[in-house]
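Please read the structure below before turning to the comments.
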2 protein chains.
Amino acid sequence: MNKKQRQETDTKTQEPNPLVRRFIEHAGNTTQSVGLGRVLGQLFAYLYFSPDPKNLGDMQDALGISKGSASTAVRQLEQWDAVQKVWVKGDRKDYYQATDWFGGFIRKALAETVGKKIETYGSLLDEAEHELANNGSSGDEAFIRKRVEYLRSFQMKASDAWESPLLRILLK
Amino acid sequence: MNKKQRQETDTKTQEPNPLVRRFIEHAGNTTQSVGLGRVLGQLFAYLYFSPDPKNLGDMQDALGISKGSASTAVRQLEQWDAVQKVWVKGDRKDYYQATDWFGGFIRKALAETVGKKIETYGSLLDEAEHELANNGSSGDEAFIRKRVEYLRSFQMKASDAWESPLLRILLK
DNA sequence: CGGAACGTTCAGTATGTACTGAACATAACA
DNA sequence: TGTTATGTTCAGTACATACTGAACGTTCCG
């Protein structure tokens, strides 16, 4: 028998069900449009609809992506607890399955994007306020000060809403 | 005197204050990272910190962008009510100023991104449920059905949270 | 009416970046 | 220890797309 090539093992069983295909497609578009890259979404959807754990090879076959992409993406998902590594006895490969629990995944992803942004703007406003405190209100400065003031109030509300009731409700 | 070239009128007065510069920079990065393009954020920040209305030429000079970019971006912002066209008597140019009111702007932008996504997934789930209803629970289908079920419950919660108390609180 | 002053459009290009794939690192077996 | 099976890394590229700028449409003025 020949060396094992990915395609030979049995292409048919790797092919996800057409309905699942569409979820994969959608998820890929979503993550892409948010700037996370297409494979991340595709991969999660694939695992999410797979009853049993999958290894890197399965992912390559099912999604038609490279080994490198699969490796990188799945570890990203793991960092967010969207997938878990599972041991399959008698097999050296790494197997992954999606967590049934969705909310936590979304939460971490959001925390890394939205949450960080809110913080960043907080710092920027800190500096702005500090700088404006020293100078006089010459000309436009008064106007700028007002705008910074409003931005601050907005940032605070956003920050509050961010880390208290909002997420708990949505992600429970 | 020569034909009026953009740079000649007086570059110095067009130069935004260094503090404002940083807001412009940040805003540009933000919109970029969300997939809206850099100029959109830059332009809004510029207008937001400008006491008096600006025309397309001002925007070009201040941000170093092309006329086309300025035109496109400012109209996008206008659609979202982030900026308004204002009349300056004796001048044929279009002048724009940022709305002081921030929340509405964010709301519309989000509605076009997040809101639409939630809807789209709703439709996809409709179809999935319809399709699954007809077929028997052969093998993996049972598993898929369970996952779709959970996705639906999540989608509904998200949809609820989206269009009721959440936005009102944050954007008021 | 002709021409100037603006704003808009859109084909072309430049720029960033997600993805590939071969080289490398690591672990398991014999 | 050498060899095979697997996972990771990273330079190179392929691709998407935001931006440019010239051509066009429109409005105003003389």
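Note: hydrogens, waters and symmetry copies are ignored here, and every other heavy atom, side chains too, is used. Letters go in sequence order (proteins before strands), and every chain restarts at 1.
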Could you state the CD-C1' distance from Q60(A) to dA5(D), rounded to the nearest angstrom? 14 Å
Which letters describe nucleotides 9-22 of chain C, given B = protein heavy atom under 4.0 Å from base, S = only from sugar-phosphate, - = neither? B---------SBB-
Specify the separation, in whole Å, of atom CG of N55(A) and atom P of dA27(C). 19 Å
Side-chain contact test, heavy atoms from C-beta onward, threshold under 4.5 Å: evaluate it for F44(A) versus V83(A) and give yes or no. yes
Inspect the contact between K146(A) and D100(B) and indicate whether a charged nitrogen and a carboxylate oxygen are less than 4.0 angstrom apart. no
Can you pull every protein N or O that's under 3.5 Å from an N or O on nucleotides 26-29 of chain D?
unit_1	atom_1	unit_2	atom_2	d
dT27(D)	O2	R92(B)	NH2	3.2

Plane angle bin for Y48(B) and F102(B) - parallel if under 30°, tilted between 30 and 60°, otherwise perpendicular: perpendicular
dG7(C) P sits how many Å from L43(B) CG, rounded? 13 Å
With distance as the sole test, does S50(B) use its side chain to make a donor-acceptor pair with the main-chain N or O of D52(B) at under 3.5 Å? no
Spacing between Y96(B) atom OH and dT8(C) atom C1', to the nearest angstrom: 11 Å
For D58(B) and dC6(C), what is the distance between atoms CG and C1' respectively, to the nearest whole Å? 14 Å
How many Å lie between NZ on K93(A) and P on dC29(C), as a whole number? 14 Å
Looking at E127(B) and R22(A), is any side-chain nitrogen of the basic one under 4.0 Å from a carboxylate oxygen of the acidic one? yes
Do the ring planes of Y121(A) and H26(B) sit parallel (below 30°), tilted (30 to 60°) or perpendicular (above 60°)? perpendicular
Residues R152(B), D126(B): salt bridge by 4.0 Å N-O rule: yes
Mind calculating the distance between NZ (K89(A)) and C1' (dA28(C)) to the nearest angstrom? 19 Å
Distance in angstrom units between L63(B) CG and dC19(D) C1', rounded: 13 Å
Taking the six-membered ring for Trp, are Y150(A) and W101(B) closer than 6.0 Å centroid to centroid? yes
Shortest non-hydrogen contact from S69(B) to S66(B)? N-OG, 3.1 Å
